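Quick notes on the structure that follows.
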Amino acid sequence: MTRYWLMKSEPGSFSWEDLLASPRKTTRWDGVRNYQARNLLRDTIAKGDGVLFYHSNANPPAVVGTATVTRAGYPDPTQFDARSRYHDPRSDPEAPRWFAVDIRAGHALRRPVPLATLRETAGLAKMELLRKGSRLSVQPVTAAEWKIVLKLGGIGG
DNA sequence: GCCAACGTTGGC
DNA sequence: GCCAACGTTGGC
C-alpha cells in the first residue's frame, strides 16, 4: 500500500533545487535525529511511497514539490562518520540508532503551496503539519490530503 | 531576533 | 521516576 509523507527541509541547507540538481534527482534523506521520525523511517516508509517536499524556515514556508521513496529505511551512515555534523558516537553499529531513506524528485508544484494556504483549506484541517507545536520533520499525510495539496499546487488534477 | 513548543539530558 | 535546565525547531 502506497503511503504518503511530508518531509521538511530548510532551503538554506538542502532545497528542492538541490534535490533536482542531485545525481538522478535522488538523495539520501539522512540526519534525522528524532525518535518518532526515526521509527517512521525504519519501520513504515516503503519504496514507492509519495513525499511532499516542504521548505521550512523559508519565506514563505511552503510545499514545493513531490518526491518518491526509492529505497526504504536503512542505517544512516552519517551517524558513524566522525566528521559529519550528524555523527552520533553513542550509536552502536551492531544496532544502529538512526535510519535514512532515499528519495527521488517527482514534480515541482506549478504553484508552491504556502503554509498559510494549507491552513485556510478546509480539507486539510487535520494535517499533522498544521497541528500546534508540530515539529516532526517526517510526518504522515493521508491520501486525501495528498490529493488536495497537489490540486492546490496545480498538478495532478 | 524573538519566543512558544517540544525533546533530551542528567541530577536527585 | 520526576523535573529543571538546556537545546532545537520553525513560524513570525
Side-chain angles (χ1 to χ4, degrees), chain A residues 3-22 27-45 49-67 69 72-103 105-142 144-154:
Chain A
R3 292 188 172 89
Y4 301 98
W5 310 95
L6 180 144
M7 295 186 183
K8 298 177 184 175
S9 190
E10 300 193 17
S13 60
F14 190 85
S15 69
W16 170 252
E17 289 74 21
D18 291 330
L19 179 59
L20 292 179
S22 300
T27 196
R28 185 177 66 217
W29 203 253
D30 57 19
V32 174
R33 295 294 180 264
N34 168 282
Y35 286 102
Q36 204 176 338
R38 186 281 308 271
N39 292 345
L40 295 175
L41 292 169
R42 185 189 59 190
D43 304 330
T44 312
I45 299 179
D49 284 357
V51 174
L52 296 175
F53 196 101
Y54 177 81
H55 277 167
S56 62
N57 258 318
N59 216 343
V63 178
V64 293
T66 68
V69 176
Y74 60 98
D76 178 351
T78 65
Q79 69 196 305
F80 304 122
D81 179 356
R83 291 159 307 179
S84 170
R85 59 181 289 234
Y86 299 121
H87 181 229
D88 183 353
R90 292 174 306 173
S91 184
D92 175 2
E94 298 300 316
R97 181 178 296 192
W98 306 115
F99 283 72
V101 300
D102 289 351
I103 66 168
H107 303 284
L109 298 191
R110 293 182 61 207
R111 302 180 296 272
V113 183
L115 180 61
T117 301
L118 298 174
R119 287 195 194 287
E120 290 165 0
T121 303
L124 300 180
K126 291 184 177 171
M127 233 184 142
E128 168 71 20
L129 183 72
L130 306 182
R131 279 190 37 227
K132 183 179 171 70
S134 166
R135 296 192 318 184
L136 259 191
S137 62
V138 177
Q139 54 180 252
V141 170
T142 68
E145 290 163 351
W146 170 270
K147 264 190 167 176
I148 293 170
V149 173
L150 263 52
K151 191 167 185 179
L152 289 170

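Since the structure is predicted, the reported quantities are computational estimates derived from the model, not experimental observations.
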A:Ala105: partners by side-chain contact (heavy atoms from CB on, under 4.5 Å), with sequence neighbours left out: A:Trp16, A:Leu19, A:Leu20, A:Lys25
Can you name the residues that form a side-chain hydrogen bond (donor to acceptor under 3.5 Å, both in side chains) with A:Gln36, not counting sequence neighbours? none
Span of DNA chain B in contact with chain A (heavy atoms, under 4.0 Å): B:dA5 to B:dT9
With sequence neighbours left out, what residues match A:Ser15 under side-chain hydrogen bond (donor to acceptor under 3.5 Å, both in side chains)? A:Glu17, A:Asp18
Is it true that A:Asp88 and A:Arg33 have a side-chain N and a carboxylate O under 4.0 angstrom from each other? no
In numerical order, the residues of residues 125-138 of chain A whose heavy atoms come under 4.0 Å of DNA chain B are A:Lys132, A:Gly133, A:Arg135
Got a sec, which residues hit side-chain contact (heavy atoms from CB on, under 4.5 Å) with A:Arg3, two or more places apart in sequence or on another chain? A:Met1, A:Trp5, A:Thr44, A:Asp49
According to salt bridge (Lys or Arg N to Asp or Glu O under 4.0 Å), who are the partners of A:Arg85, at least two apart in sequence or on a separate chain? none
Residues which pass ring pair (Phe, Tyr, Trp, His ring centres under 6.0 Å) with A:Trp29, listed by chain and number, not counting sequence neighbours: A:Phe53
The residue, A:Asn57 or A:Arg90, whose nearest nucleotide of DNA chain B is more 5′ is A:Asn57
Mind checking side-chain contact (heavy atoms from CB on, under 4.5 Å) for A:Ile148 and listing every partner two or more places apart, or none if nothing turns up? A:Thr121, A:Leu124, A:Leu152
